Asks: 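Could you have a look at this structure, given as structure tokens, before my questions?
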Amino acid sequence: FTQFPILYLVSSIIVGLFTLAVVTPLSARIGLVDHPDERKLHTQVIPLTGGISIFAGILVSLLILGNINTLVFSYLVSISIIFTLGILDDIYDISPTLRFIVQFSVAFFLCYYSNIQIENLGNLFHLGEINLGGFSYIFTSIVIVATINAFNFLDGADGLLGSISLVAFSSIGLLYHMKGDSILTL
């Protein structure tokens, strides 16, 4: 399977679409709907099932991978917690402070245990390379939290998040594929 990353993508799409078809009709019964108000663009009650479908697709693809190393394990734990936080927030409207604390903790866990970090910012101001040193995990965690919240903000406009996510993550996946990293290509 690792030699055919396109199979991960196809399996994610199939599982995501199947999950969407199964969960969407149940959303009203379990209270997983968004009601229109003055801050929202939609005028009808809409199901909040896109995240569930995406999570299911990613989860199945990672489990098909079979090679649950530190990177994959820390990613699975992180997305599971963020997914649960999102569902709980949709149902109970969790305070922004608690959401931020959980998001930052999860981002730091992901960075630390998978050793993913932005180590330098390059020659950003044309004064030489900016090395982050010991601040790299914290900086990377801040970037992850900012990205989570930027995507969450875009989720208010129906279809916009899906379109932007498709372009962004396809581009990142293509770069990792070109690098030869089949795990991060997902």
Side-chain angles (χ1 to χ4, degrees), residues 11-63 68 71-114 116-118 137-173 184 186:
S11 66
S12 285
I13 291 170
I14 291 170
V15 170
L17 290 173
F18 175 77
T19 305
L20 191 62
V22 170
V23 176
T24 299
L26 301 173
S27 63
R29 282 189 234 149
I30 60 175
L32 205 52
V33 292
D34 193 22
H35 298 279
D37 65 25
E38 64 278 351
R39 292 183 19 224
K40 300 183 180 153
L41 297 176
H42 58 87
T43 57
Q44 300 174 5
V45 173
I46 59 166
L48 297 171
T49 54
I52 295 169
S53 302
I54 292 169
F55 176 74
I58 291 171
L59 184 65
V60 167
S61 290
L62 288 174
L63 293 176
I68 308 296
L71 174 65
V72 174
F73 175 76
S74 59
Y75 183 71
L76 279 171
V77 169
S78 299
I79 66 169
S80 297
I81 294 170
I82 293 297
F83 168 74
T84 303
L85 178 68
I87 294 291
L88 292 173
D89 184 44
D90 285 343
I91 295 171
Y92 300 110
D93 199 24
I94 296 173
S95 77
T97 303
L98 179 59
R99 279 196 323 255
F100 175 78
I101 290 168
V102 172
Q103 289 170 351
F104 188 83
S105 299
V106 169
F108 192 83
F109 165 84
L110 176 65
C111 294
Y112 185 78
Y113 282 99
S114 63
I116 293 175
Q117 58 188 307
I118 299 170
Y137 285 121
I138 293 171
F139 181 81
T140 307
S141 299
I142 291 168
V143 169
I144 291 170
V145 171
T147 304
I148 289 169
N149 285 288
F151 274 71
N152 196 28
F153 178 75
L154 290 173
D155 197 22
D158 198 23
L160 181 61
L161 178 62
S163 303
I164 290 175
S165 296
L166 180 65
V167 171
F169 291 119
S170 295
S171 300
I172 292 168
L184 290 177
L186 275 173

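Throughout, residue positions are numbered sequentially from 1 according to the sequence presented. What you see is a predicted model; the values in this text were computed from it and never measured.
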Asks: Working to the nearest 0.5 Å, report the span between OG of Ser105 and CD1 of Ile81.
Replies: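 With rounding to 0.5 Å, OG (Ser105) is 9.0 Å from CD1 (Ile81).
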
Asks: Roughly how far apart are Leu71 CG and Leu110 CG, rounded to 0.5 Å?
Replies: 7.5 Å

Asks: Whether the side chain of Ser12 engages the backbone of Gly57 through a donor-acceptor N/O pair (distance < 3.5 Å, no angle test) should be reported.
Replies: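 The answer is yes, because a donor-acceptor pair under 3.5 Å joins these two groups.
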
Asks: In Å, rounded to the nearest 0.5 Å, how long is the span from OG1 of Thr147 to CD1 of Ile142?
Replies: 11.5 Å

Asks: Would you call the rings of Phe108 and Tyr112 parallel, tilted or perpendicular, taking 30° and 60° as the class edges?
Replies: parallel

Asks: Can you name the closest pair of heavy atoms from Ser74 and Phe109 and give their distance?
Replies: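 Looks like O-CE2, 3.7 Å.
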
Asks: Mind checking the CD1-CD1 spacing from Ile87 to Ile52? Nearest 0.5 Å is all I need.
Replies: 4.0 Å

Asks: Over 60° means perpendicular and under 30° means parallel, so tell me whether Phe55 and Phe83 are parallel, tilted or perpendicular.
Replies: parallel

Asks: Would you compute the distance between atom OG1 of Thr19 and atom CG of Leu59 and round it to the nearest 0.5 angstrom?
Replies: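 Those atoms lie 9.5 Å apart.
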
Asks: For Asp89 and Leu85, indicate whether the former's side chain and the latter's backbone hold a donor-acceptor pair under 3.5 Å.
Replies: no

Asks: Walk me through it: do Ile144 and Phe139 pass the test side-chain contact (heavy atoms from CB on, under 4.5 Å)?
Replies: CA-CA 9 Å; Ile144 291 170; Phe139 181 81; over 6 Å; no

Asks: Working to the nearest 0.5 angstrom, can you tell me the gap between Leu88 CG and Ile91 CD1?
Replies: 6.5 Å

Asks: Any side-chain to backbone donor/acceptor pair from Ser53 onto Leu20? Under 3.5 Å, distance only.
Replies: yes

Asks: What pair of heavy atoms forms the shortest contact from Thr140 to Ile118, and how long is it?
Replies: OG1-N, 2.6 Å

Asks: Is a donor from one side chain sitting under 3.5 angstrom from an acceptor on the other, for Ser27 and Thr49?
Replies: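 No - no donor-acceptor pair under 3.5 Å links their side chains.
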
Asks: Can you list the steps and then say if Ser114 with Tyr75 is a side-chain contact (heavy atoms from CB on, under 4.5 Å)?
Replies: CA-CA 8 Å; Ser114 63; Tyr75 183 71; over 6 Å; no

